[in-house]
Colleague: 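Below is one structure. I have some questions about it.
If you read the sequence from its start, that first residue is 1, and numbering goes on from there.
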Amino acid sequence: MKWICHYSLLAVIWASLYSCVWAMVLLTASTFAHAESASLPEYVQPSEVLAFSGSTVRKRFFFSVYKISHFMAWPQETPDDPNELIKLISTGQFSQRVEIEFLRDVSRKQVEEALMDGIERNNPNIDLSDIKNEIARLSDGFDSDITENSRLILSRVNVGKLIVYFNERKIVETDNSELTRALWSIWFGQKPIVDNKALIANKMQ
């Protein structure tokens, strides 16, 4: 009888500990999920599902400057020719996002000059005075010079609207379609500054 009582007491203690452990696991999981959801920046919650298209690294004089990734709400039917895919991206008919992760420290001025250099080489014989002013306004949105691992997001929302985020903070929102087209031409124009075939590699698989 004593052995049975002792066994029953151990069973009760074990059941209590087991319940407590599972309660703690569930509480921790719930807390983590809530924290993860709360920390998600606005640009990762688009109204449309944007599929990853590809990524590559921008290099300058053998130095890796940034990693760039492209996402888009692709139509069901897409061409097989990579050049036609790039043309489709350039039309701006579908919501897109470009994510840039800096791999080294750069100054605000260097970013501004690099963006304008890419725009100018892809838009010859066009007056870019207004675009240059808009790029300067975008640059003003950076708090200071840009450090390694900083992130710049260009979100082309609902075709006509451009929203720019720096380190998860919105710095520009505009309906200036010419600015958006000019920015996209840096990577998807006639003279892209990166291997834009790599930016659609995932669609070619």
Side-chain angles (χ1 to χ4, degrees), residues 50 53-75 78-104 106-142 145-146 151-166 170-201 203-204:
L50 305 186
S53 309
S55 63
T56 189
V57 173
R58 163 62 171 162
K59 293 188 175 182
R60 179 78 170 171
F61 303 124
F62 305 105
F63 294 104
S64 296
V65 182
Y66 60 75
K67 176 184 177 182
I68 176 172
S69 303
H70 179 258
F71 303 79
M72 181 163 145
W74 291 93
T78 57
D80 296 327
D81 185 344
N83 292 318
E84 292 300 319
L85 281 176
I86 290 171
K87 286 181 182 179
L88 183 64
I89 291 171
S90 299
T91 63
Q93 296 178 8
F94 306 95
S95 295
Q96 304 176 47
R97 184 171 75 248
V98 167
E99 297 188 1
I100 294 174
E101 179 184 357
F102 289 92
L103 304 177
R104 60 188 299 108
V106 293
S107 69
R108 294 168 55 179
K109 192 65 177 176
Q110 285 176 314
V111 172
E112 185 177 331
E113 290 175 350
L115 291 175
M116 277 309 304
D117 178 64
I119 290 173
E120 287 170 353
R121 67 188 288 177
N122 285 283
N123 297 273
N125 305 318
I126 296 178
D127 183 5
L128 298 172
S129 302
D130 292 339
I131 298 296
K132 190 171 184 177
N133 292 334
E134 290 293 332
I135 295 297
R137 186 167 73 91
L138 187 156
S139 176
D140 288 341
F142 305 138
D145 288 345
I146 299 164
R151 299 182 72 212
L152 181 66
I153 313 296
L154 289 80
S155 185
R156 206 170 185 171
V157 184
N158 299 326
V159 182
K161 184 181 293 294
L162 173 70
I163 306 177
V164 181
Y165 304 86
F166 180 65
K170 185 190 296 186
I171 60 174
V172 169
E173 181 171 343
T174 178
D175 293 319
N176 189 334
S177 59
E178 286 303 309
L179 171 64
T180 307
R181 186 197 59 77
L183 284 169
W184 251 249
S185 74
I186 297 173
W187 306 287
F188 298 102
Q190 295 297 315
K191 297 180 179 180
I193 65 172
V194 297
D195 176 13
N196 58 15
K197 297 296 192 298
L199 289 176
I200 58 170
K203 286 297 295 180
M204 299 304 297

Colleague: First locate atom OG of Ser139, then atom CG of Leu115, and finally report the distance between them rounded to the nearest 0.5 Å.
Modeller: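 So the OG of Ser139 and the CG of Leu115 are separated by 8.5 Å.
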Colleague: Which pair of heavy atoms, one from Trp187 and one from Pro192, lies closest together, and at what distance?
Modeller: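 Shortest heavy-atom contact: O-CB, 3.3 Å.
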Colleague: I'd like to check Ile86 versus Lys197 (side-chain heavy atoms, cut-off strictly below 4.5 Å). Are they in contact?
Modeller: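 Ile86 reaches Lys197 side chain to side chain.
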Colleague: Should Lys109 and Asp145 count as an ion pair when the cut-off is N to O under 4.0 Å?
Modeller: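 Salt bridge absent between Lys109 and Asp145.
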Colleague: If you measure from OG1 on Thr78 to CE on Met204, what distance do you get to the nearest 0.5 Å?
Modeller: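 If we round to the nearest 0.5 Å, Thr78:OG1 and Met204:CE are 8.5 Å apart.
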Colleague: Check Pro75 against Phe94 and note the closest heavy-atom contact, atom names and distance.
Modeller: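 Scanning both residues, the minimum pair turns out to be CG-CZ, 3.8 Å.
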Colleague: Is there a side-chain contact (heavy atoms from CB on, under 4.5 Å) between Val65 and Gln110 once you walk through the steps?
Modeller: CA-CA 11 Å; Val65 182; Gln110 285 176 314; over 6 Å; no
Colleague: For residues Phe102 and Val111, determine if any side-chain heavy atom of one lies less than 4.5 Å from a side-chain heavy atom of the other.
Modeller: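 Yes, at least one pair of side-chain atoms sits under 4.5 Å.
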Colleague: What residues, two or more places apart in sequence or in another chain, satisfy salt bridge (Lys or Arg N to Asp or Glu O under 4.0 Å) together with Arg181?
Modeller: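 Residues passing salt bridge (Lys or Arg N to Asp or Glu O under 4.0 Å) with Arg181: Glu178.
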Colleague: Does some side-chain heavy atom of Asp140 sit less than 4.5 Å from a side-chain heavy atom of Arg108?
Modeller: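 The answer is yes; the side chains approach within 4.5 Å.
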Colleague: Can you name the residues that form a side chain to side chain contact (heavy atoms under 4.5 Å, CB included) with Lys132, not counting sequence neighbours?
Modeller: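 Listed in chain order: Met116.
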Colleague: Taking only residues two or more places apart in sequence or in another chain, which ones pass side chain to side chain contact (heavy atoms under 4.5 Å, CB included) with Glu84?
Modeller: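 Once residues adjacent in sequence are excluded, the partners of Glu84 under the side chain to side chain contact (heavy atoms under 4.5 Å, CB included) criterion are Pro79, Asp81, Lys87.
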Colleague: Looking at Asn83, I'd like to know if its CG atom is crowded, meaning that more than 12 non-hydrogen atoms belonging to other residues, nucleotides or ligands lie closer than 6.0 Å.
Modeller: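 Yes, enclosed.
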Colleague: Quick check: does any side chain N or O of Arg104 sit under 3.5 Å from a backbone N or O of Phe63, one acting as donor and the other as acceptor?
Modeller: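 Looks like no, no N/O pair under 3.5 Å.
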Colleague: Return the minimal non-hydrogen interatomic distance between Asn196 and Phe188, and the atom names on each side.
Modeller: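 Here Asn196 and Phe188 meet closest at ND2-CA, 4.1 Å.
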Colleague: How long is the straight-line distance from OH of Tyr165 back to CD1 of Ile100, given to the nearest 0.5 Å?
Modeller: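 Here the rounded value is 15.0 Å.
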Colleague: Could you give the distance from CD1 (Ile68) to OG (Ser55), rounded to the nearest 0.5 Å?
Modeller: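 Taking CD1 in Ile68 and OG in Ser55, the distance rounds to 9.5 Å.
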Colleague: About how many Å separate OG of Ser155 and CD1 of Ile163, when rounded to the nearest 0.5 Å?
Modeller: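 Taking CD1 in Ile163 and OG in Ser155, the distance rounds to 5.5 Å.
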Colleague: Only counting residues at least two apart or in another chain, list the ones meeting side chain to side chain contact (heavy atoms under 4.5 Å, CB included) with Glu101.
Modeller: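 Scan of Glu101 (side chain to side chain contact (heavy atoms under 4.5 Å, CB included), adjacent residues dropped) gives Asn149.
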Colleague: Does any part of the side chain of Asn176, heavy atoms only, come nearer than 4.5 Å to the side chain of Leu162, both counted from C-beta?
Modeller: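 No; the side chains remain at least 4.5 Å from each other.
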Colleague: Are side-chain heavy atoms of Ile89 and Trp74 found at a separation under 4.5 Å?
Modeller: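 Yes - at least one pair of side-chain heavy atoms lies under 4.5 Å apart.
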Colleague: Going through the checks in order, is the side-chain contact (heavy atoms from CB on, under 4.5 Å) test met by Arg156 and Ser95?
Modeller: CA-CA 5 Å; Arg156 206 170 185 171; Ser95 295; 5.9 Å; no
Colleague: Can you tell if the side chain of Arg137 reaches within under 4.5 Å of the side chain of Thr174, non-hydrogen atoms only?
Modeller: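 A side-chain contact exists here, since the closest heavy-atom pair is under 4.5 Å.
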Colleague: List the residues meeting side chain to side chain contact (heavy atoms under 4.5 Å, CB included) with Phe62, not counting sequence neighbours, and say none if there are none.
Modeller: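 Side chain to side chain contact (heavy atoms under 4.5 Å, CB included) check on Phe62 returns nothing, list empty.
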Colleague: Where is the tightest heavy-atom contact between Ala182 and Ile131, given as atom of each residue plus distance?
Modeller: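 Taking every non-hydrogen atom into account, CB-CG2, 4.2 Å.
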Colleague: Begin from the C-alpha positions of Ile193 and Arg121 and carry the test side-chain contact (heavy atoms from CB on, under 4.5 Å) through to its verdict.
Modeller: CA-CA 9 Å; Ile193 65 172; Arg121 67 188 288 177; 3.6 Å; yes
Colleague: So Leu179 and Ile135, do their side chains get closer than 4.5 Å, heavy atoms only?
Modeller: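 Heavy-atom side-chain distance check passes, below 4.5 Å.
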Colleague: Is the shortest side-chain heavy-atom distance between His70 and Trp184 below 4.5 Å?
Modeller: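 Yes, close enough: below the 4.5 Å cut-off.
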Colleague: Could you go step by step and tell me if Leu88 and Met72 meet the side-chain contact (heavy atoms from CB on, under 4.5 Å) rule?
Modeller: CA-CA 11 Å; Leu88 183 64; Met72 181 163 145; 4.2 Å; yes
Colleague: Calculate, to the nearest 0.5 Å, the distance between atoms CG and CD1 belonging to Asn123 and Ile186 respectively.
Modeller: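 If I round to the nearest 0.5 Å, the distance is 9.0 Å.
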Colleague: What residues form a salt bridge (Lys or Arg N to Asp or Glu O under 4.0 Å) with Glu120, not counting sequence neighbours?
Modeller: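 Glu120 satisfies salt bridge (Lys or Arg N to Asp or Glu O under 4.0 Å) with no residue once adjacent residues are dropped.
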